[in-house]
Amino acid sequence: MSEENQTLAQRREKAASLAELGVNLYSNGFKPANTTRELLPKGDSLAPQEAEPGGAGYSIAGRIMAMRKFGKAAFCTLADTGGQLQIYVKKDILGDEVFETFKKWDIGDIVGVEGTLFKTKVGELSLQAHRITMISKSLRPLPDKWHGLTDVETRYRQRYVDLIVTPETRETFRKRVDIIRLVREYLIGKDFMEVETPMMQPIPGGATAKPFKTYHNALDMELYLRIAPELYLKRLLVGGFERVFEINRNFRNEGLSTRHNPEFTMLEFYQAYATYEDMITLTEKMISSICHTVNGTMKITYQGTEVDLTPPWTTLTMDEALVEIAGIDREILVDDEKLMALVKAKGIQLEEQAGPGKAKTELFELLVEDKLINPTFITSYPTEVSPLARKNDLDPSVTDRFELFITGRELANGFSELNDPIDQLARFEKQIAERGEDDEIHPELDADYIRALEYGMPSAAGEGIGIDRLVMLLTDAPSIRDVILFPHLKPEAKLQQEREE
RNA sequence: GGGUCGUUAACUCAGCCGGUAGAGUAUCUGACUUUUAAUCAGAGAGUCGCGCGUUCGAAUCGCGCACGACCCA
């Protein structure tokens with residue numbers, strides 16, 4: 001690779017000259033005994049210019065984030081995973097020879113330092129270097145220490161650089177990890193067991209979405225990356241695992257946006273002998289408690305909008321939401337002709353076979369969704385748009401289903417499960433018969449799933465929660481790409497050119 | 001897929017009505033043994049995203065393309 005760049009050439013030369021001095025640029029033996037996080041509190045009891053009594057030796061390793069060099073001494077800011085500590089390097093302590101090698105250190109290098117603690121004149125705890133070790137010589141300059149990295153494209157493509165220089169990015173992904181761990185702990189605490197079901201499926205089911213297709217050579221068959229784990233998790237209910245959950249990736253071959261990444265992380269959980277109301281209670285408790293743990297409060301701000309996650313949350317049926325929030329006359333909702341006329345008046349295009357349930361759902365999406373800022377459960381979804389949910393015992397035109405909306409966005413979807421194999425088969429067949437014009441969405445009959453139901457699935461309720469969207473909410477992230485370490489982007493033209501050369 | 005905006009040094013950004021590219025950080029050289037956006041003096045660094053066109057002359061104007069951001073479908 002021919003890099004014409006001057007800065008890079010200089011760094012390479014510097015690295016070469018360090019190697020000539022006998023320094024191993026990529027040494028492998030240094031094991032820090034301490035961390036910055038653990039050393040920092042030791043400064044609390046020291047006065048400026050005071051050394052730690054006893055002069056104990058410590059060692060830390062990390063990346064040099066800043067350097068202030070004087071002729072025969074220097075201060076370096078060294079960052080490790082938990083924080084930063086200042087290093088003070090003095091020629092008369094290291095000796096002439098070692099100090100010569102120190103002079104060739106750069107911002108970005110990863111080094112190990114052994115020494116003693118003291119406080120400087122201005123009161124900053126510092127590690128006085130007695131021995132120094134080069135662990136990894138950096139050949140590329142870090143972004144501007146003051147402005148950091150603001151170009152979003154570079155931040156997404158070179159997340160490693162973003163993580164080095166942007167504390168907020170590190171914070172967001174730490175929180176993401178915490179949130180997922182807390183979800184796990186919460187469900188395990190409720191006797192759920194975590195399972196893994198196929199991501200490569202012969203029939204992509206459990207949702208309506210365009211799948212990715214792939215091919216298995218040895219089996220000579222097409223497979224799909226899953227769009228949802230739902231049908232497999234419910235097979236486990238049949239098998240007698242009464243509480244199961246899975247947190248993992250789903251894949252949907254659709255457009256990208258600030259809310260959609262082709263692969264995204266989904267939590268799905270199923271509980272036997274529970275109803276959708278139990279899921280509502282669980283969701284409310286789980287999300288609010290996780291928010292409190294992660295943010296220290298249940299009152300958060302999302303992109304400038306205040307959101308209160310303190311339970312209890314509001315619950316409305318879809319009809320109630322259409323009346324109370326969209327201001328639609330109750331009479332219209334029970335009169336199919338008037339309903340269809342309203343839909344047309346609102347400019348919504350419905351497919352021919354669409355019935356009143358689909359019409360209401362479209363109206364809801366258009367008129368209600370973005371007004372649901374504080375957490376709101378919408379229940380009584382039309383059966384027409386809920387092929388896997390159990391019909392309501394009193395009104396079979398709706399299902400025992402809910403969706404959760406926060407900041408105008410769908411965050412969760414759950415329902416009492418349909419466990420009648422005959423009803424399920426009929427609904428699958430209807431779904432296939434009424435498939436839309438889109439060739440890429442092709443519902444297929446999952447005969448094995450029906451067979452499983454025929455053995456008997458306990459009554460149950462289940463739910464899916466979009467983990468990326470939950471993390472966005474709890475970290476105040478404007479785009480899903482801000483909560484996915486390596487979001488999907490088109491390849492860089494420049495890099496590809498270089499590869500071809 | 002459509003619209004708007006963006007792409008200039010490694011990073012952050014200027015660059016007006018077209019006249020041959022500029023700052024800060026970073027880097028290099030020199031001074032400096034308690035600094036913290038260290039300081040002082042000097043220096044180097046650019047296919048101005050890519051291509052075509054208009055023009056005596058294009059970072060600047062026009063068209064196309066690539067990549068990205070946001071909005072819409």
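In what follows, every chain begins at residue 1, and chains take the letters A, B, ... in the order their sequences are listed.
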- Look at A/D178 together with A/K175 and state whether they make a salt bridge at an N to O cut-off of under 4.0 Å. no

Short N/O separations, protein against nucleotides 25-28 of chain B, under 3.5 angstrom:
unit_1: B/A26; atom_1: OP1; unit_2: A/K145; atom_2: NZ; d: 2.6
unit_1: B/U27; atom_1: O2'; unit_2: A/Q10; atom_2: OE1; d: 2.1
unit_1: B/C28; atom_1: OP1; unit_2: A/K14; atom_2: NZ; d: 2.2
unit_1: B/C28; atom_1: O4'; unit_2: A/Q10; atom_2: NE2; d: 3.4

- Salt bridge or not for A/K137 and A/D106, using N-O below 4.0 Å? yes

- Message: Can you tell me if A/R68 touches the phosphate of B/A38, counting only side-chain N or O atoms and a distance under 4.0 Å to OP1 or OP2?
- Response: yes

- Message: Tell me the interatomic distance from A/R481, atom CZ, to B/A69, atom C1', rounded to whole angstroms.
- Response: 8 Å

Return the polar atom pairs (N/O with N/O) between nucleotides 71-73 of chain B and the protein under 3.5 Å, or none.
none

- Note on the structure: Note, RNA chain B 5' to 3' with Watson-Crick or G-U pairs under 3.5 Å encoded as ( ), [ ], | and . gives (((((((..((((.....[..)))).(((((.......))))).....(((((..]....)))))))))))).

- Item | Carboxylate-amine/guanidinium proximity below 4.0 Å for A/E429 and A/R427 | no

- At under 4.0 Å between heavy atoms, what does A/S479 touch on the DNA or RNA strands: base, sugar-phosphate, or nothing? sugar-phosphate

- Can you name the side-chain hydrogen bond (donor to acceptor under 3.5 Å, both in side chains) partners of A/Q86, sequence neighbours left out? A/R68, A/S126

- Pick base, sugar-phosphate or nothing for A/F118, based on heavy-atom distances below 4.0 Å to the nucleic acid. base

- Query: Taking the six-membered ring for Trp, is the centroid-to-centroid distance between A/Y224 and A/Y215 below 6.0 Å?
  - Reply: no

- Query: Given the P atoms of B/C40 and B/U47, what is the spacing between them in whole Å?
  - Reply: 30 Å

- Item | Of A/K90 and A/G148, the one whose closest RNA chain B nucleotide lies more 5' | A/G148

- Message: On the nucleotide B/C13, are OP1 or OP2 found under 4.0 Å from the side-chain N or O atoms that A/T150 carries?
- Response: yes

- Quick one: list whatever passes side-chain hydrogen bond (donor to acceptor under 3.5 Å, both in side chains) with A/R131, sequence neighbours left out. none

- Query: How is A/R155 classified with respect to the nucleic acid when contacts are heavy atoms under 4.0 Å: base, sugar-phosphate, or nothing?
  - Reply: nothing

- Item | Between B/A9 (P) and A/L8 (CG): distance, integer Å | 14 Å

- Task: Using a 4.0 Å heavy-atom cut-off across all strands, classify A/D92 as base, sugar-phosphate, or nothing.
- Result: base

- C1' atom, B/A43 versus B/G51: distance in rounded Å? 36 Å

- Message: Given B/C32, B/U34, B/A69, identify the nucleotide with an atom nearest to the side chain of A/K121.
- Response: B/U34

- Heavy atoms under 4.0 Å, any strand shown: does A/K490 hit a base, just sugar-phosphate, or nothing? sugar-phosphate

May I have the list of side-chain donor-acceptor pairs in residues 337-348 of chain A shorter than 3.5 Å, sequence neighbours left out?
none

- note: A/Q303, atom CD; B/A69, atom C1'; distance rounded to Å ~ 14 Å

- Name the one of A/E52, A/Q128, A/E114 that satisfies side-chain hydrogen bond (donor to acceptor under 3.5 Å, both in side chains) with A/Y58? A/E52

- Step by step, work out the side-chain hydrogen bond (donor to acceptor under 3.5 Å, both in side chains) result for A/T283 and A/E463. CA-CA 9 Å; A/T283 303; A/E463 179 174 346; 2.7 Å; yes

- When rounded to the nearest 0.5 angstrom, what distance separates CD in A/E263 from CG in A/D468? 9.5 Å

- Message: I'd like to know if A/K360 pairs up with A/D319 as an ion pair, taking the criterion as any Lys NZ or Arg NE/NH1/NH2 lying under 4.0 Å from an Asp or Glu carboxylate oxygen.
- Response: yes

- At under 4.0 Å between heavy atoms, what does A/Q86 touch on the DNA or RNA strands: base, sugar-phosphate, or nothing? base

- Message: Taking the six-membered ring for Trp, are A/F118 and A/Y88 closer than 6.0 Å centroid to centroid?
- Response: yes

- Query: By centroid distance (under 5.5 Å) and plane angle (under 30°), are A/F70 and B/U33 in a stacked arrangement?
  - Reply: no

- Give the rounded distance in Å between these two atoms: CE of A/M65 and P of B/A38. 13 Å

